[in-house]
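Quick notes on the structure that follows.
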Amino acid sequence: VIQPPELDLSVLAPIATLGIGGMVVLLLEVTLSRVKSLGDSRIGVYLCGVSIAALFGAACSAGVAFAGGEARMFDAAHPLYQLDRFSSLVSALLCVGALLSCALAVTYLDALRINHGEFYALVLLSTAGMLFMVGSVDLIALFVGLETMSIPIYVLAGFDRRKLRSNESALKYFLIGSFATAVMLYGMALLYGATGATSFDGIRAGFDPQSPLALVGLGLLLVGFAFKLSSVPFHQWTPDVYEGAPAVVTAFMSVAVKTAAVAALLRVLGFALAPMGETLQGLLWGLAAASVIVGNLMAVVQDNLKRLLAYSSVAHAGYILIGFVAGGSDGYSAILFYLFAYTLMNLGAFGVIVALAQQGQECERVDSLAGLAVQRPTLAALMTLFMVSLAGIPGTVGFIGKFQIFMAAAQANQIPLAIIGLLMSVVSVYYYLRIPVLMYMREPADDGARMQTSVAEMAVLGFCAFFVLYLGIFPNGGFLLPWDVSVLDWARASVNPFFAS
Amino acid sequence: MAPAGELGLLSAITFLPLAVGCALVAAAAFVRGLPDSVFRLAGLGATLVAFLLSLQVFAGFDATNPGYQFVEYRTWIASYGINYFVGIDGISLVLVLLTTFLMPIVLLASAQDPAKSVKSYVFFMLFLETGMLGAFVSLNVFQFYLFWEVMLIPMYFIIGIWGGPRRIYAAVKFFLFTMAGSLLMLLAMLVLYYLHYEQTGTLNFDLVARPGIDALGLLDTRIPLLGEAVWWKTQTWLFAAFALAFAIKVPMFPLHTWLPDAHTEAPTAGSVVLAGVLLKMGTYGFIRFALPLFPGGAADLTPLLVTCGVIGIVYGSLVAMVQSDVKKLVAYSSVAHLGFVMLGMLAGNSQGLNGSVLQMVNHGISTGALFLLVGMIYERRHTRLIDAFGGIAKPMPVFAFFFAITTMSSIGLPLLNGFVGEFLILIGSYLAFPGATVIATSGVVLGAAYMLWMFRRVFFGPISNPENQGLIDLDLREKVVIVAMVIPMFWIGLYPETLLRRVEPSVLELMRQIESRSALSAQQPPAASALIAEAAQAGRQP
């Protein structure tokens, strides 16, 4: 007699919400576009509303799962996907990031005249893939999640299909991305060969640090992750793709893909490959140092705003990797906090770029920000705040993030790496501050029409700015706000189970 | 300690300016066309209230108590042992007073100065005041670091937006120099924090134990001397990291190169605050953190620091002598003056330390006044080149009079403030390093030379430039500003006891701390001493 498997369907609630939301958006678009009286922009508003509702629902159900606390499997007999504190926290963060990106998109897609409803569907489906990826406890599930996440993003990168750069960006991302995924898959195969298991539990049990097969497998797996993280030397695609893709896609991609990849890597390294120890640390050390140095130095010479932020995101990947090198519950919780910080400040910075796009034109060049403080003082002030936070100046969430990373490094006696990271932060101050310099200390190039910032964009920017400051001063909440935002405690509670066993 | 929920006086002084600044910005966002004068008056009012409140602190300060007073303590980020912990002793008291005293004057002096974006100017000035005061009253190392870094932002904008032609270069250089030093200090703070954790088992960034509680502060941590531990856990390296951050801010030769640029390009108000308060942040950091935390490391590096200090004095004076721009001259004179402050501090005796603290205040007042005066003449002539002037004592007698007093105060003429501080410093440093002091004394002579020479070329002789003929003398506002600066010059010169009485107990307490911590570092940890005894035993019995 075949026993029917005991499935816990409630575990899939966040992912299902997003998947269904994505379908609804697709169907709705087809239906609405038949209605002659509705213009593209009106349809966009409706679809955006639906997708925001879906993302909000998914974030809430992830939040409920987080509050519940215990780890639940979809199928206890065959562990593939697990909703525990860690995956639910990261899922909620991913949903919030996607939600903010969707809100930014409403007027932006209109301004660039690419207002197609598929955008929202792709964002939702990609987010669903990310959620699956961060909760996966098996290499196969991890791979499925990764691909579900990536393919919509390849499409999104080329969303501005009439523009050559956008097409180039999509193609480049797709080709290099598939190559990296193939390498990663090969690594997974080798790991399976070495350990006889694809589940993280099995790999952990069967891992033999002496086996060359396992080591090569591990190395190839890391390459795949390093690609998604855009860590040096696998970062070459980042500036081109970030530059070519529409700003709102870049915003979503830079924040969400990185968050998902870091979270998945955290589970793989922190749990499945925990016995690796020294060898792994050496590899990560090299990746971290190279990313921090190359990212920051290359950002200095950029003239294109999106390229600058692309190299800055390479550098931030380096800081996150420093947390991996430090390891332990301190290092891992620092990484989780950093993901919150990075989501808020990077989305904010891209949000300003999105808000500056008008009449089919992106705000691309760094120079085009000159004199912004006179033309649009609020946007200039917000941009300054986000730059200050990315540079890691105290009083902002970026500082608390870096502070914890370096604290973990000091705790783990990784002083030379910490010194490299800190000195490179000084370099980063130089290029981040170039932007306030232009906005406040130079005269505007032209009198440019004074555009109004839309309500949705203002709401997103306000949300990011508020939390950049609030978490910068009260990283553990407990002041002013009626609800609880003790992000430090959340991060710690999420990673602690890795160290329990 | 103020009970929870009650706002203490120090917090009120610290956050009042920023609160008013934020309120003004919010008001400007809602009320269209809010006149600039509202901003100026509210800013002036806020800084004046802060000054009055700090006078209240001054009056309520118990000079016989060497410990921290007006202490407030609140848990902030509990999981990392980060607390909101403020309090002052005599040393921070005088610096707080100097800050709150200078700010209203600066705002009054610049009542017409920046013609553009006055609203942001006032906001940044208020923001800056909160940053500086916060750093002076912080007793939690993390909190200190936060204020220390945050104050860079308003200063950066003040130089960068309202400065001279090379303002952007100067602002960026200022920011990068300071940031480079302070990030290494942050790392040293973290290493110290974990040393403390290893020894006590508690996570804590408080410098001293919070009053009424048996917990220990960072000052109770035993830090290994060189050679006892991995290199980054030794006093010398930790001290070096702190000292680098502070030495850049002081600035000490050869890290001073940002200063002439920043000073020259900054608007008058920026220069006054920079010279008056921001430079003191570096010397204060040495006194409050670097010296008491790492006395062993300080002892190792004292020869280097003294050498740099003396070179700074002589070099600063010589370079000041050949400047053609008055503001640059004053900027280089700061390098020399701060060299004296460092010398007195490193001497480590009560004369040297007292003189050093006093000289911090003196330099703030007299150099601040010099920058104000230079700003006044610049507003009239839009040049600061010495050659462009000559004989202007005739059209501007009042200006010349006050400039003369300020010059005398700066070169340390008896009866004026500069003399007392310099005298104490030289006594103290002669006791500690006689050779270096002899060389440094030449700086006093050189200082008199370049200041008086500049004074002569600007004010006396025939009026060579017809543009100087019609110069208008100081108006009422400018007179108020400069008289307010001159009063403390005489007061401190004639009766330094007002300040010294309050500073001295804290200086003695500091020396006691340094001594006891040196002894603490000299103690070998049990394991190591057992090893040494064993080795000695083995050596004696072949």
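Computed from a predicted structure; not experimentally measured. Chain A is the first sequence line, chain B the second, and so forth, proteins listed ahead of strands; every chain is numbered from 1.
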> Got a second to check how far A:Leu438's CG is from B:Ile168's CD1, nearest 0.5 Å?
Replying inline: 7.5 Å

> Atom CZ in A:Phe403, atom CG in B:Leu190: separation rounded to 0.5 Å?
Replying inline: 5.0 Å

> Under a 4.5 Å heavy-atom cut-off, does chain A meet the side chain of B:Leu176, its backbone, both or neither?
Replying inline: both

> Side chain, backbone, both or neither: which part of A:Leu422 has a non-hydrogen atom closer than 4.5 Å to chain B?
Replying inline: both

What are the atom names and distances for all donor-acceptor pairs below 3.5 Å between chain A and chain B?
{"from": "A:Gln404", "atom 1": "OE1", "to": "B:Tyr80", "atom 2": "OH", "distance (Å)": "2.6"}
{"from": "A:Asn413", "atom 1": "OD1", "to": "B:Trp232", "atom 2": "NE1", "distance (Å)": "3.2"}
{"from": "A:Leu433", "atom 1": "O", "to": "B:Tyr156", "atom 2": "OH", "distance (Å)": "3.2"}
{"from": "A:Met441", "atom 1": "O", "to": "B:Arg167", "atom 2": "NH2", "distance (Å)": "3.0"}
{"from": "A:Ile473", "atom 1": "O", "to": "B:Trp76", "atom 2": "NE1", "distance (Å)": "2.7"}

> Given the options B:Ile153, B:Val150, B:Leu183, which has more heavy-atom pairs under 4.5 Å with chain A than any of the others?
Replying inline: B:Leu183

>> With a 4.5 angstrom heavy-atom cut-off, is it the side chain or the backbone of A:Val427 that approaches chain B, or both, or neither?
In response: neither

> Relative to chain A, which segment of B:Leu152 carries a heavy atom at a distance below 4.5 Å: side chain, backbone, both, or neither?
Replying inline: neither

> Yes or no on side-chain contact (heavy atoms from CB on, under 4.5 Å) for B:Leu187 and A:Ile415, after CA distance, side-chain angles and deciding distance?
Replying inline: CA-CA 8 Å; B:Leu187 189 61; A:Ile415 301 293; 4.1 Å; yes

> Of the backbone (N, CA, C, O) and the side chain (C-beta and beyond), which part of B:Phe157 lies under 4.5 Å from a heavy atom of chain A, both, or neither?
Replying inline: both

>> Rounded to the nearest 0.5 Å, what separates atom CG in A:Leu433 from atom CE in B:Met179?
In response: 8.5 Å

